[in-house]
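Everything on this sheet refers to the single structure shown next.
In what follows, residues are counted from 1 in the order of the sequence shown. Remember, it's a predicted structure, so these values are computed and weren't measured experimentally. Counting starts at 1 for both ligands and their atoms, following the listed order. Below, all heavy atoms of this structure are taken into account, side chains as well, without hydrogens, waters or symmetry copies.
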Amino acid sequence: MGIMDANFIQRFVRMAHDGWVQGWHEKNGGNLSYRMTDEDVALIHNYLHTDGAWIEIGTTVPDLAGEFFLVTGSGKFFRNVMAEPDDNICIIQVDDSGSKYQVQWGLVNGGRPTSELPSHLMNHEVKKKVSDGRVRVIYHAHPANVIAMTFVLPLEDEVFTRELWEMASECSVVFPGGVGVIPWMVPGGRDIAVATMERMKRYDVAIWAHHGMFCAGENFDAAFGLMHTVEKAAEIYVKVRSMVPEKRQTITPDNLRAISDQFNVTLPERFLYEK
Ligand code: 13P
Ligand code: ZN
């Protein structure tokens, strides 16, 4: 078996390509990470090199000590991941203190993991805890319609959640917990990572104003499907607002309560306010 035959790598590569096809990854925009299982590590162990430098993450993630991640490279294009995976993605291990990482496979022509590694790893750390280890995928993309919404709506979790839920019947079922919104911040550092991690304690979606979105999922399909659903709702919102200043009719709070009964999801009442 070659390392590229490993199912988790194939799924990672396919998802990167799917994101490119959706138009969410201009140039090097966006990044993807997957927290590997013990079985994944055992499967590809012979391909790992442990003689590289240990490099500062830029934050600390003690609850991820020793864990392995498959991650996109910084400055690398999602467009190229499928054609040349070992040039564009890498496997890293976090050290015992949770403050450094080592590249153990990939990035064969040099480079380093995504500049958003602090956000990815802090999100993984908090999601691992609140999901009892089930969440393994963190996905960052630059979908245009969600970004457009951050120029016209108040940057409040309640407002974004409610508008997105109203845009299609499936939305409140796909993200019943709602979405978190973060005001514009400098990308790539610890501060935006901490702000995102705080939202990820209660949400699976964090919207970065004028930048993009982070989604968390138990597997690749869940994370991709979440990004796709939120962005589709945002596209409908942009179309509606482009046609009329105010909606003529919509999915009401009572409609949303009826959906929650039918689909057995709990929708927090703070999103069901009267307008
Ligand atoms: P990287 O190329 O370092 O992953 O950065 C892309 C990006 O989207 C930053 O927010
Ligand atoms: Zn970005």
Side-chain angles (χ1 to χ4, degrees), residues 12-13 15-35 55-59 61 69-92 94 101-103 105-124 137-151 155 160 179-200 203-217 220 223-224 226-228 230-231 234:
F12 184 103
V13 167
M15 175 157 157
H17 186 74
D18 288 343
W20 157 250
V21 170
Q22 288 297 328
W24 300 336
H25 299 285
E26 76 292 339
K27 201 170 173 283
N28 63 307
N31 19 78
L32 175 63
S33 63
Y34 167 72
R35 185 167 58 85
I55 299 166
E56 297 285 345
I57 296 167
T59 190
V61 283
F69 295 85
L70 183 59
V71 195
T72 50
S74 185
K76 302 292 187 177
F77 293 22
F78 270 53
R79 177 171 173 250
N80 294 333
V81 167
M82 187 168 267
E84 294 173 311
D86 61 0
D87 178 33
N88 290 286
I89 65 178
C90 60
I91 292 173
I92 62 169
V94 173
Y101 70 87
Q102 183 185 56
V103 176
W105 174 84
L107 293 174
V108 290
N109 296 309
R112 61 186 184 88
T114 173
S115 59
E116 304 293 2
L117 193 64
S119 281
H120 278 263
L121 293 184
M122 292 191 93
N123 288 343
H124 275 294
V137 179
I138 301 290
Y139 181 31
H140 170 56
H142 295 174
N145 293 289
V146 164
I147 297 170
M149 285 179 79
T150 66
F151 290 91
L155 300 174
F160 270 73
V179 303
V181 187
I182 293 164
W184 188 88
M185 295 178 74
V186 175
R190 187 172 186 277
D191 290 351
I192 198 167
V194 171
T196 310
M197 173 273 287
E198 289 294 337
R199 301 316 189 281
M200 283 291 179
Y203 305 115
D204 290 330
V205 180
I207 293 171
W208 284 5
H210 324 326
H211 182 143
M213 182 163 34
F214 264 84
C215 290
F220 294 107
F224 188 86
L226 188 52
M227 183 76 68
H228 206 178
V230 175
E231 171 58 4

Ordered by chain then number, the protein residues lying under 4.0 Å from ligand 1 by heavy atom are Asn28, Gly29, Gly30, Asn31, Ser74, Gly75, Thr114, Ser115, Glu116, His140, His142, His211
Hey, is the main chain of [Y] close enough, under 3.5 Å, to the side chain of [X] for a donor-acceptor pair?
X: Asn88; Y: Asn80; value: yes
X: Lys76; Y: Asp87; value: yes
X: Glu231; Y: Asn145; value: yes

* Return the orientation label for the His211 and His142 ring planes: parallel under 30°, perpendicular over 60°, tilted otherwise. => perpendicular
Query raised in the report: When the ring planes of His228 and Phe224 are compared, do they come out parallel, tilted or perpendicular, using 30° and 60° as the limits?
Result: perpendicular
What lies under 2.8 Å from the Zn ion (ligand 2), restricted to protein N/O/S atoms, is His140 NE2, His142 NE2, His211 NE2
_Measuring centre to centre across the rings, with the benzene-like ring taken for any Trp, is Phe220 within less than 6.0 Å of His17?_
no
*Decide side-chain hydrogen bond (donor to acceptor under 3.5 Å, both in side chains) for His124 and Ser33; before the verdict, give the C-alpha distance in whole Å, the side-chain angles of both, and the deciding distance to 0.1 Å.*
CA-CA 9 Å; His124 275 294; Ser33 63; 2.8 Å; yes
query = Under 3.5 Å, is there a donor-acceptor pair between the Trp184 and Thr150 side chains?
reply = no
d(Asn109 CG, Asp86 CG) to nearest 0.5 Å is 7.5 Å
